[in-house]
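Take a look at the structure below.
Counting from 1, the numbers follow the sequence of the chain as shown.
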Amino acid sequence: MHIRLVATTAAVAGALIALTAVPAQAAEYSSALKIRGIQYDAPGRDSNRCSTGNTDEEYLTIENYSRSTTVNLKGYVVKDAAGNKFTFTASHALQPGDYVKLRGGNGSDSDTKNVVYRDNCNFMWNNDKDTIYVYKPSGSRADVHSYTKSGSDKDGNGYITYHG
């Protein structure tokens with residue numbers, strides 16, 4: 001009986017060592033569309049006043065990492081951890097390697113300037129920590145990233161790069 005207990009204990013300890021030796025990795029989704037980076041903290045003092053605020057300085061950059069496929073953003077959804085969301089309701093074709101900046105505030109969407117406005121003067125991303133979700137029109141997840149100001153933003157400039 002003592003021999004079985006020792007063998008079982010050794011096997012369990014070996015399994016625990018094997019589990020802790022493998023580094024944790026973020027889930028990688030099979031999607032051409034991914035989060036390139038986020039300006040989660042707009043420069044200056046936060047003001048969500050539509051006329052004089054700086055919500056347009058807060059943005060999420062989404063890129064088409066495909067080498068050959070054009071992606072239409074229509075129907076894609078961007079959410080945060082609290083459930084705030086933005087749905088791309090218009091067609092915006094991203095060629096391979098192309099990107100779009102999803103900005104807060106109001107403005108004119110422009111494919112040539114690579115910008116889409118949320119038409120909402122409230123900040124979407126938290127300045128201390130948040131999670132960014134991007135969903136395909138089918139509802140499946142395209143990409144997700146979490147950040148903390150202290151752990152993810154080493155230079156403290158309010159911008160984090162994910163897929164460079």
Requested in this report: Evaluate side-chain contact (heavy atoms from CB on, under 4.5 Å) for Asp80 paired with Thr131, printing each intermediate quantity in order.
Outcome: CA-CA 5 Å; Asp80 73 349; Thr131 302; over 6 Å; no
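Side chains of Asp98 and Glu63 form no contact here, defined as non-hydrogen atoms less than 4.5 Å apart. Two residues are said to be in side-chain contact when any heavy atoms from C-beta on lie closer than 4.5 Å; Pro43 and Glu57 meet this criterion. Between Ile62 and Leu60, some side-chain heavy-atom pair lies under the 4.5 Å cut-off. The side-chain heavy atoms of Asn106 and Cys50, taken from C-beta on, include a pair separated by under 4.5 Å. Here the side chains of Ser31 and Lys136 are in contact, with some heavy-atom distance below 4.5 Å. A 4.5 Å side-chain heavy-atom check between His145 and Tyr162 finds at least one atom pair inside the cut-off. With contacts defined as side-chain heavy-atom distances shorter than 4.5 Å, the pair Met124/Tyr40 does not qualify.
Remark: Lys129 NZ is loosely packed, at most 12 non-hydrogen atoms of other residues, nucleotides or ligands lying under 6.0 Å away.
In this structure, Tyr159 and Tyr59 have tilted ring planes: the angle between them lies in the 30° to 60° band.
In this structure, a donor-acceptor pair under 3.5 Å is present between the side chains of Asp46 and Asn127. A donor atom on one side chain and an acceptor atom on the other are found under 3.5 Å apart for Arg141 and Tyr135. In this structure, a donor-acceptor pair under 3.5 Å is present between the side chains of Asn48 and Asn122. Side-chain contact, Tyr133 with Asp143: no donor N or O sits under 3.5 Å from an acceptor N or O. The closest side-chain donor-acceptor pair between Ser108 and Ser110, if any, does not fall under 3.5 angstrom.
When each of Asp41, Asp128, Asp155 is checked for a salt bridge (Lys or Arg N to Asp or Glu O under 4.0 Å) with Lys149, only Asp41 meets the rule. With Arg103 as reference, Val115 is the one residue of Thr61, Val115, Asp109 to meet the side chain to side chain contact (heavy atoms under 4.5 Å, CB included) rule.
Expressed to the nearest 0.5 Å, how far OG1 of Thr69 lies from CG of Leu33 amounts to 11.5 Å. Asn114 contributes atom CG, which lies 4.5 Å from atom OH of Tyr99 (distance to the nearest 0.5 angstrom). Considering CG of Asn54 and SG of Cys121, their distance stands at 10.5 Å, rounded to 0.5 Å.
The two residues Gln95 and Thr70 come nearest to each other via the heavy atoms OE1-OG1, 3.0 Å. Taking both residues in full, the closest heavy atoms of Ala32 and Asn64 are given as CB-OD1, 3.5 Å, listed atom of the first, atom of the second, then distance. Taking each heavy atom of Phe123 and Ala42 in turn, the nearest pair found is CE2-CB, 4.0 Å.
Classification of Arg118 and Glu58 as a salt-bridged pair holds, one side-chain N sitting under 4.0 Å from a carboxylate O.
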